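Here the structure is laid out as structure tokens; the discussion comes afterwards.
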Protein chains: 2
Amino acid sequence: MTRESGDGRKRSRQADQAVSPNSGSPRKAGGLKEVAARAGTSIPTASRVLNGLGDEYRISRRTQELVRNAAKELSFSPNLLAKSLRLGSTRTIGLVLPDVGNPFFAAIARAVSIEAHARGYSVVLCDSGDDTGREVELLEVIMNRRPDGLVVVPVGQKCSHLQRFESSDTPLVLVDRSFAELRLPSITSDNRQGARDAVDHLIECGHSNVACLRGLAGTTPNELRVQGYREALEAHGIAFDERLVCGDGFGKEAGRRAARALLDSGVRFTAVFALSNLIGIAALELLLEAGRRVPEDVSLLSFDEQPYSSVLAVPMSTVRQDPAEMGRLAVAMVCDRIGKPGAAMPASVVVPTALVTRRSVAVHP
Amino acid sequence: MTRESGDGRKRSRQADQAVSPNSGSPRKAGGLKEVAARAGTSIPTASRVLNGLGDEYRISRRTQELVRNAAKELSFSPNLLAKSLRLGSTRTIGLVLPDVGNPFFAAIARAVSIEAHARGYSVVLCDSGDDTGREVELLEVIMNRRPDGLVVVPVGQKCSHLQRFESSDTPLVLVDRSFAELRLPSITSDNRQGARDAVDHLIECGHSNVACLRGLAGTTPNELRVQGYREALEAHGIAFDERLVCGDGFGKEAGRRAARALLDSGVRFTAVFALSNLIGIAALELLLEAGRRVPEDVSLLSFDEQPYSSVLAVPMSTVRQDPAEMGRLAVAMVCDRIGKPGAAMPASVVVPTALVTRRSVAVHP
DNA sequence: ATGAAAGCGCTAACAC
DNA sequence: GTGTTAGCGCTTTCAT
């Protein structure tokens, strides 16, 4: 079956459009003008009916029928561009992420997308690739499309480009990371407590030399997790040893480098706390390659629960976050603020984490 | 610091806007009108300059300067809605996926997003949640936003809602899955060959009883992988045994059910071929729970290479796909077709897969 | 070298 | 009950 076999659809289309919309099947989606023409009404009348204002405007049942039928027959497709331009509202939410490929952010993206559509919004997705420069660019591009709201997982330390949103008509909600110097609402995990719980657990299992494999310096999740780590040590009267803290990145490669540095440093440690799923994997991989048994020689506990956490070389104890809930909440918060320019900034939300214990942590003699 | 401490920005804005744009800092982004006013030119002139048509229209250097400065000072933000409406082009690509949470689709989403932005397009993301009904709805909603092109990873068997795109001004490219009855270009993995290679490998390792844990019935990736599986058996003179084929879904839960069914059936098998990453994980989990040693008792090979593949309970042999390349190609293909309504449908592209061998497959005596 | 006018598809204010 | 008019912010003839 070749393309030409399509029974002349293409050829007939032009005629349909220009002269009369009388063809049997709804070939090409029509706009309000075509619908009005076919229904024999004016354009505003058709508009009112199709927006459910028929009764309010006391348009006769008959006319309403006519319009609705015409719309169906022409498979009416409202031009949301025109509507948005007129209404000053696009029913669109901009989403800026460091990397949709990362399962944690992917889960956020999914929740945002689903929740947004449930509320009648579409989502414009931007991947900043963990690059602040790109983030700035993307934010600009996306603002030119006049979204009704923004959900942003910012990257890096720079946040001057977000200042304008402190007093903007476009509500913005930060997710996963936040900035102390910015009065913007955020949805974050309870990173400090999550880390605190994790390291408490390690210490209670008898580990007093706990290494920490960090994520990207300067980001709130990283700093707060490190803080939780330090607090746990302190609470148990263990001195902080900076030689036990390595790494500068949440990715797998950064994780490998960090783990290698730790190993090469020769410092003694019996447990490792990895600050992301990918760092955890990298650590496990490298430890095993180096001939260390987990958890007999060294225990391992990682941030981020994943579908595969239970079936790793050694089933991993993790700190579970709830990215889906975070995405959902972010959209809810943005939507609540849309159309209320003067409203007070909502309070930031901290989503609790949960410790999942498996076999990667051993009780130390 | 409360919200009111913002030095009266909000109050001063109205005045700025109505009277003169003379305030020092560029508080509020301005449109073409404001720029023209500040530059002392007409709106069309400002438009031409800012679209790089200044020289073409022989607008004086001085005026051009004036306009550009005004644009900078007001931090000009072109209203893309108005522009799109006028131009009949939104520079937007619609992306419809079954589940951004799945790392395979997430990788596609990432590639699409990055490639699209590199070409000056924005991406509208829709998550169909593996539900055909939602897919239909989303496609409608998204079309109302008049995207210049569409990238779709369709779900399920139904494809009548995609027929209109065989002869639509909006180019559509299918990714991962395709439909024999549809004349639409697609980008897919070489599923048949990938499966063929995998099962050939298993057989060459001495396995003649190879079970197959299927994905969603009726989808091309699933059917082609099963076909590759059967071809491999046939090529080696092994009879197909349908009791060895279980499952109906690509997710982890479906995978667990399939693996359990296989185990419970009591059929003898020494190797399992899992048709997705999540099925692979589920199978590994269940096999281990059931006390089977992998690969000593049963070998395992799964579709989809992942960052954790090497560090699973037993390092997994996999069939690697290239979702990033698929997403990139899809965008390239869509963009090439934008604005060429009459152009011939491009040929579909099949992206090769690669077999990655690890320890989950044992050479059978 | 630049401006005036029309129009993209829609909705809201105001007629009658 | 329904139509007319104006305008959202832009680009594009066409005129000067």
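As the structure is a prediction and not an experimental result, all values here were calculated from the model. Each chain gets a letter, A, B and so on, in the order the sequences are listed, and its residues count up from 1.
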Margin query: Closest-nucleotide mapping onto DNA chain C: is B:Pro44 or B:Leu87 further toward the 5' terminus? I mean the 5' end.
Written below: B:Pro44

Checklist line | Donor/acceptor link under 3.5 angstrom from A:Arg48 side chain onto base of D:dG3 | finding: yes

Check: Hey, does A:Ser84 reach any base, or is it just sugar-phosphate, or nothing, if we go heavy atoms under 4.0 Å?
Finding: nothing

Next item on the list: Assign each of A:Leu85 and B:Tyr57 to its nearest nucleotide of DNA chain D by heavy atoms, then name whichever residue's nucleotide is nearer the 5' end.
Entry: A:Leu85

Notebook entry, point to check: So what does A:Ile43 touch, heavy atoms closer than 4.0 Å: a base, only the sugar-phosphate, or nothing?
Noted result: base

Notebook entry, point to check: Among side-chain atoms of B:Arg146 and B:Thr170, is any donor-acceptor pair under 3.5 angstrom?
Noted result: no

Margin query: If I take atom CD in residue B:Glu56 and atom P in nucleotide D:dT13, what distance separates them, rounded to the nearest angstrom?
Written below: 11 Å

Notebook entry, point to check: Does a side-chain heavy-atom distance below 4.5 Å link B:Leu50 with B:Val35?
Noted result: yes

Notebook entry, point to check: Pick the nucleotide of DNA chain C nearest each of B:Thr45 and A:Asn79; which residue has the one closer to the 5' end?
Noted result: B:Thr45

Check: Counting just side-chain N and O atoms, does B:Thr63 come under 4.0 Å of either OP1 or OP2 of C:dA1?
Finding: no

Margin query: Under a plain distance cut-off of 3.5 Å, with no hydrogens placed, do A:Thr41 and A:Thr63 share a side-chain donor-acceptor pair?
Written below: no

Item checked: Donor on one side chain, acceptor on other, B:Ser122 and A:Arg145, under 3.5 Å -> yes

